[in-house]
Amino acid sequence: MNDPTQPNVGLFATCLVDLMRPQVGFAAVKLLEAAGCRVSVPEAQTCCGQPAYNSGDEPDSIAIAKQVIETFSEFDYIVVPSGSCGGMIKRHYPEMFEHDSGWLAKATALAAKTHELLSFLTDVRNYSPTGVSYAGRATYHDSCSSLREMQVKAQPRKLLGAVAGLTIAEGNEAETCCGFGGLFCVKYPDISESMVDAKIDDIVKTGADTLLAGDMGCLMNISGRLQRRGIAVRARHAAEVLAGMGDLPAIGEPAKGRD
Amino acid sequence: MQPTSPNFKANAKAALADRPLQAALGKLAQGFPMRRAEAAARLPEFERLRDQARDIKDHVLENLDRYLELYEAKVVEQGGQVHWCETAADARAAILRICRKAGAISVTKSKSMIGEEIAINDFLEQNGIEPVETDLGEYIIQLRREPPSHIIAPAIHLSLDQVADTFLEKHTDLDPNRAIREPRALLEEARTRLRGKFLGADVGLTGANMLIAETGSNVLVTNEGNADLTYGLPKVHIVIASLEKIVPTLEDATTILRVLARSATGQDMSVYTTFCTGPKRPQDLDGPEEYHVVLLDNGRTKMIGSEFHEMLRCIRCGACLNHCPIYKSVGGHAYGWVYSGPMGAVLIPNLIGMETAGHLPNASTLCGKCESVCPMRIPLPRMLRRWRQRQFAAGRGGFVAKTALGLWAGLVTRPKLYRFLMGLGVAALGQLGSKGKFKWLPLAGGWTQVRDLAAPAGDTFVAQYHKGPRGDQSGDLIRKGWRP
Amino acid sequence: MSDARAQILDRIRGGLGRKAGDPTNPAIDRIQTHGKNLIPDRGKLPQDQQVALFIREAERVAATTAKIPHFDNVPTAVGDYLRRHNLPAEVKIAPTERLTALAWQAITVAGGRGEASDGVSVSLAFGGVAETGTLVMASSPESPNTLNFLPMDHIVVISAADIVGDYETVWDRFRERARRAGTEVMPRTVNLITGPSRTADIEQTLQLGAHGPQRLHIVIVDEPPA
């Protein structure tokens with residue numbers, strides 16, 4: 001149990017995975033363990049505070065950040081199956097404590113060891129999945145924060161390239177925002193709709209039957225709209241496919257044996 | 001102009017339903033980003049030039065008072081005059097004084113965002129002076145009495161047919177049955193008409209892309225050549241510029257020019273880059289007899305040293321608009337004032353107040369595309385967030401939103417309570433969601449208006465992980481091949 | 001000067017947390033040094049390659065070019081251009097002796113500033129920048145800048161020796177010239193011209209000849225530097 005070559009990884013599941021899509025959390029645990037990590041899932045974890053932060057609620061986001069920092073500081077790495085929540089810790093926590101040197105040091109230390117899941121698997125653990133298959137043609141959506149805050153672009157494609165039976169069809173607008181934007185999508189539903197429709201048109205153009213991404217926010221937004229428009233493209237977190245859980249119901253699909 | 005920014009939501013809805021506008025925006029979002037990417041790829045040093053351009057403007061802002069004094073001295077030394085103006089009204093008055101002294105009845109004007117900011121055209125008209133916009137796009141929207149919808153392509157929102165209809169309606173001295181429904185005919189008609197205006201103008205009013213402290217020059221960048229006919233033919237040249245346009249030297253101006261057109265239109269250089277330095281010199285056969293610079297503050301000095309300080313690096317290239325998915329969805333007019341896109345959403349509240357422009361910083365997904373293409377590396381998303389912080393601190397987040405966020409924060413900072421309540425909530429939702437999704441849910445109207453909501457899967461991940469399906473640790477089970 | 005001036009400068013100093021009359025002034029140093037920033041490699045080619053790059057870049061932006069061996073060949077090059085475009089044999093030339101003294105033969109020439117009635121103008125460039133195929137036109141009594149904008153066709157004559165890699169070299173040449181003559185660095189107007197006039201303001205369709213010339217022809221005189 002105490003193999004020194006095994007890093008201690010704290011998995012920050014994120015609230016969307018925790019509440020809406022637990023299997024992504026299980027997939028993340030499985031992948032991290034397969035990549036030689038010792039995984040902990042602290043029970044004290046809740047939310048990274050991004051909804052508050054992006055709404056301008058500084059006092060609450062600072063309170064939440066302090067709690068996350070205290071919960072996760074003990075680990076060698078903090079791994080997050082989301083570029084968005086990962087970006088929050090890595091880029092924005094240090095920003096928040098610009099004028100609080102004590103907490104700034106803690107936030108910076110945590111930021112330095114925080115990674116988005118897929119890039120952690122490739123860049124830090126040099127991991128590649130073996131014996132995993134998924135029959136289908138998928139297109140990959142780069143979430144804005146994965147791409148621009150966490151520099152995740154090639155990593156998921158590299159990992160998915162090792163999945164037997166899976167073809168990746170790139171969309172021209174893979175890097176364009178899907179229109180989720182947290183509270184944006186409920187504050188400005190008309191604009192959000194136009195953006196997600198543009199995203200879906202681009203997905204449909206690729207001829208893909210599956211949409212993969214590394215962020216539950218985007219996935220819930222796009223898949224919810226796909227279902228509303230009656231378009232038969234299934235959406236999954238990339239970690240599910242990589243962990244061999246690609247046969248479980250897709251996002252928004254009924255659970256098996258329950259209708 | 002009277003801002004319509006408070007009606008942003010209604011403006012946006014109307015824009016989304018406007019077919020010609022949507023077609024134009026679709027075209028813009030294809031063309032400009034592709035050409036910018038090609039231009040950047042053709043210049044291996046592009047990213048390093050962006051760093052230097054940023055550093056130049058940072059240095060200027062740190063020494064802005066000094067550069068303004070040096071610049072003014074240089075302008076005066078060469079026979080020009082500088083008019084310092086604190087407000088839009090001051091700038092309008094200064095321009096009118098110069099026009100009156102010159103006995104002007106006609107003023108040609110090349111595109112200037114400051115001109116829009118101070119609404120100089122309406123003011124000159126009210127004072128019996130005819131202002132004529134000479135950039136083709138600006139001319140079209142002037143005929144239609146519309147504001148620009150893009151800082152470098154002001155008539156981007158209009159179709160060819162709309163332009164042709166405007167010309168048929170406004171150029172009443174011409175044959176109403178003439179064939180002008182193609183771009184060349186429209187251009188010829190505008191060129192001919194404006195040529196007469198250029199030759200007859202008493203005063204030429206231009207903006208400035210930069211003001212150079214070393215030489216006292218103003219820089220003008222255009223593709224049409226209209227600015228050159230604007231300053232070059234009348235007796236008086238008035239430059240209107242905001243005071244952050246200063247750069248130290250010709251070399252510094254050059255570095256910024258290397259990123260400007262590439263970011264804006266994807267050209268390596270715009271066709272005409274002009275450096276004007278003072279009035280006509282002895283023995284010159286052409287050139288204006290008077291050279292005036294109307295130097296405008298209009299709220300900018302209040303940004304110095306504030307959390308919006310870096311916004312003053314902006315060179316108005318329009319790259320953030322061209323790459324913004326919000327701008328691409330609703331166009332420029334929805335923002336409701338002179339500027340638009342991400343730079344507008346940061347700048348407008350600074351200039352006309354957060355009360356009026358409060359929507360703009362919120363209408364963004366903070367996707368970060370703007371910052372990634374900004375030649376001056378302005379952290380636009382961070383500044384949008386700063387406006388949200390100011391609004392929140394001022395209690396303008398809306399009572400419901402503020403209360404909901406407060407409750408949420410109270411919950412997430414109490415992990416045990418959170419676990420308990422989320423477990424209950426998720427289980428309840430999981431029971432309710434038929435076929436794995438909701439088509440409607442109370443309090444989630446903004447979401448379910450547009451899309452289905454995936455139903456939660458029964459229990460939270462953290463609870464499942466720690467309880468396991470049979471009370472075991474799921475981590476151990478996963479290693480043994482267990483799947484949820 | 002004005003109250004506004006003092007108010008504005010005060011607010012800037014206040015925002016920067018600085019007092020008036022601070023003796024150190026980095027602005028003066030920067031202007032006096034006018035140091036070069038990063039110059040792209042493509043602006044630093046050897047002289048012979050600069051001319052080739054200049055031509056390539058100018059043609060990329062829809063200018064046309066011709067090379068002639070001697071300055072005396074300018075009227076022939078202009079005549080060729082007029083015939084090719086079926087234009088009347090009549091041009092407005094910059095009133096400089098270098099052009100007026102040439103043997104124009106069948107072409108009617110008049111020297112002076114640009115006028116609305118001019119169809120074709122011929123002027124001399126101060127320099128050319130290979131980096132982007134850009135002409136540098138400097139206004140003077142012998143080089144009225146209205147010639148650059150009013151005619152439909154603009155012919156610019158440039159000596160190959162005046163084609164340099166980057167804009168920075170041009171600024172140095174202006175400074176050097178001003179130092180020798182004891183004048184201001186900048187002419188009243190400097191026009192950097194990169195291709196003929198254009199617009200894309202109607203449905204994003206690119207059209208040449210918006211307000212300035214529809215055609216730009218560059219005649220490069222391939223004389224060895226004097």
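Chain letters run A, B, ... following the sequence lines, proteins first, then strands; residues in each count from 1.
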Contacting region of B:His323 [heavy-atom separation from chain A under 4.5 Å]: neither
Within the 3.5 Å criterion, strictly below it, is a donor on A:Asn54 or B:Arg388 matched to an acceptor on the partner's side chain? no
Side chain, backbone, both or neither: which part of A:Arg148 has a non-hydrogen atom closer than 4.5 Å to chain B? side chain
One should read off an interatomic distance between A:Tyr188 OH and B:Asn362 CG, to the nearest 0.5 angstrom, of 4.5 Å
State whether the side chain of B:His466 and the backbone N or O of A:Val41 hold a donor-acceptor pair below 3.5 Å, judged by distance alone. yes
Which region of B:Arg414, side chain (C-beta onward) or backbone (N, CA, C, O), has a non-hydrogen atom less than 4.5 Å from a non-hydrogen atom of chain A, or is it both or neither? backbone
Is B:Trp408 close to chain A through its backbone or its side chain, or both, or neither, when contacts mean heavy atoms under 4.5 Å? side chain
Once side-chain hydrogen bond (donor to acceptor under 3.5 Å, both in side chains) is applied, do any residues pair with A:Asp18, and if so which ones, sequence neighbours excluded? B:Arg419
At what distance, to the nearest 0.5 angstrom, does CH2 of B:Trp447 lie from SG of A:Cys185? 5.0 Å
Please output the residues of residues 43-50 of chain A in contact with chain B, using a heavy-atom cutoff of under 4.5 Å, in numerical order. A:Glu43, A:Ala44, A:Gln45, A:Thr46, A:Cys47
Using non-hydrogen atoms and a 4.5 Å limit, figure out which bit of B:Val426 sits close to chain A: side chain, backbone, both or neither. side chain
Taking side-chain hydrogen bond (donor to acceptor under 3.5 Å, both in side chains) as the test, write out the residues that go with A:Glu253, two or more places apart. none
Side chains of B:Ser329 and A:Met195, heavy atoms from C-beta outward: is any pair under 4.5 Å? yes
Look up atom CZ in B:Phe461 and atom CE in A:Met20, then write down how far apart they are to the nearest 0.5 Å. 16.0 Å
Hey, could you give me each pair passing salt bridge (charged side-chain N to carboxylate O under 4.0 Å, His left out) that has a residue in residues 445-455 of chain B? Not counting sequence neighbours. A:Arg228-B:Asp452, B:Lys439-B:Asp452
Counting heavy-atom pairs closer than 4.5 Å to chain B, which one of A:Thr176, A:Asn172, A:Val39, A:Asn221 comes out on top? A:Asn221
When rounded to the nearest 0.5 angstrom, what distance separates OH in A:Tyr53 from CD in B:Gln389? 5.5 Å
Under a 4.5 Å cut-off applied to non-hydrogen side-chain atoms, are B:Cys367 and A:Phe180 in contact? no
Between A:Gln67 and B:Val412, the two heavy atoms sitting closest are OE1-O, 2.8 Å
What I'd like to find out is whether the side chain of A:Leu19 reaches to under 4.5 Å of the side chain of B:Pro456, using heavy atoms alone. no
Within this structure, what is the CD-CD distance for the pair B:Gln30 and A:Glu173, rounded to the nearest 0.5 Å? 6.0 Å
I want to check something: taking the side chain as every heavy atom from C-beta on, are B:Lys9 and A:Asp190 in contact at a cut-off of under 4.5 Å? no
If you take all heavy atoms of B:Leu16 and A:Ser194, which pair is closest and at what distance? CD2-CB, 3.4 Å
Quick one: closest heavy-atom pair of B:Thr365 and A:Cys177, and the distance? OG1-SG, 3.1 Å
In terms of heavy-atom pairs under 4.5 Å with chain B, which of A:Ile191, A:Asp57, A:Asp60 leads? A:Asp57
Within a radius of less than 6.0 Å around NZ of B:Lys13, do more than 12 heavy atoms belonging to other residues, nucleotides or ligands occur? no
Could you grab the distance from atom CG of B:Leu366 to atom SG of A:Cys144, nearest 0.5 Å is fine? 9.5 Å
Are any of the side-chain heavy atoms of B:Arg385 and A:His92 separated by less than 4.5 Å? yes
Look only at the side chain of A:Arg225 and the backbone of B:Val450, and say whether a donor-acceptor pair between them is shorter than 3.5 Å. yes
Given heavy-atom pairs under 4.5 angstrom as the criterion, report whether the side chain, backbone, both or neither of B:Ala363 touches chain A. both
Minimal heavy-atom distance between A:Pro22 and B:Thr460, with the atoms involved, is CG-C, 4.3 Å
